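Here's the structure we're looking at; comments come further down.
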Amino acid sequence: MAKKIIFIGGSKGGVGKSAVASGVIDTLLEQGEKVLLIDTDTSNPDVYKSHKDVVDSLTINLDTKNGWIELLTAIHGTEAVAIINTAARSNDGIKDFGAMLMSALPELQCEFMTLWVINRQRDSLELLKQYRETITGAVHVVRNLHAGKPEQFELFNGSKIKTEIEKAGGQIIDFPDLADRVADRLTNDRLAISKGATDLPFGEKIELQRWRAEVWTALGKVV
Amino acid sequence: MVQRKKYTLEDVAAIAKALSAVHAKPKAEKDMTASAVVVMLSKEIKGLQSRGYNMKEIAALLKDNNLPVGVATLKSALSRSPTKKKVSNDEPVANQSRPAAAAPAAPKKEEGKPGKFTPTPDTTDI
């Protein structure tokens, strides 16, 4: 059975789930953990494409019941930390079938957490509220600083949902921003962070190393 | 000649109001088995399962609420819980036991869709 299950959520397109998923994978590898990546983004499985040669990887469609059955089987069959990168608009599948995962957790007997990635827009929080109606367990909110500085996340910072998350033991993680040209290079050339750290031109490599150290610090608090 | 009583619209409204206020006829006293009660509570029990409770814990909760039932009975009854119950036309609706509302079923068209997918390869001429 999986050592731990980490859902990378956000449901909203473009908030940075893939970047955070890549950061989580890299942080766990740096900690010496074995990782199973499950990419569920059927239209844009970019994390799978960047990491399929780096970690054990699967692609599963969580819009279908069969997908959730496959997911549970995969989680049950691994001893690695299972990272599930969810797709935009994944809340519908979660609402329809997420209870299957919840009912399996007592038998899986492993830690389950969600990293919910947000930008500064209201939708991020509305979708989080919906998500928590089906999925319980630890939820940590990841402010993607590509959208701005922490203090600029005004709606979230002053929200009831932030209070609820923190009261339930969740943390607020600030995911550092990476220079666009380096981020684009990782995505477009399908590079895992570890690959970029060896293959990128010198200047881009230095920027990546700076960011990578910050990612390890930020995500290392929870993963 | 017989004088027929006449009624006004106000009379009709008053009668309608009185009929609406009539309480439902009390259900006939009927002894139910623990299994039958579990079937009626299937929605609530499935809700507990989705919130992480296992069968043993649910049985303990039912016992705390004066329904001692074993795990085996619980599982067996839940496997029989109907999604729809045929309503008899003979009894007034108020007297019929209604099944717990089933969770909305996933669209049938999703059932056959595969769980895994193959990513579309990147093109080489972008």
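Reckoned from all heavy atoms, side chains included, excluding hydrogens, waters and symmetry mates. To find a chain, count down the sequence lines: A is the first, B the second, and so on, and within it residues start at 1. The shown structure was predicted, so the numbers you read here are calculated from the model rather than taken from an experiment.
- Donor-acceptor pairing under 3.5 Å is lacking for the side chains of A:D92 and A:S90.
- For chain B, no part of A:S43 is nearby; none of its heavy atoms comes within less than 4.5 Å.
- A salt bridge links A:E204 with A:R181: the distance from a Lys NZ or Arg NE/NH1/NH2 to an Asp or Glu carboxylate oxygen falls below 4.0 Å.
- The candidate from A:A104, A:G137, A:G98, A:P45 with the greatest count of non-hydrogen atom pairs under 4.5 Å with chain B is A:P45.
- There is no contact between A:N44 and chain B, counting heavy-atom distances below 4.5 Å.
- With hydrogens and angles disregarded, no donor-acceptor distance shorter than 3.5 Å links the side chain of A:H51 to the backbone of A:A192.
- Salt bridge annotation for A:D46-A:R190: absent, with no cationic side-chain nitrogen under 4.0 angstrom from a carboxylate oxygen.
- Using a cutoff of 4.0 Å between basic side-chain nitrogens and carboxylate oxygens, A:E133 and A:K129 are not scored as salt-bridged.
- If you measure heavy-atom distances from A:L105 to chain B, you find no contacts under 4.5 Å at all.
- Chain B forms the most heavy-atom pairs under 4.5 Å with one residue out of A:D39, A:T40, A:N61, A:L58, and that residue is A:N61.
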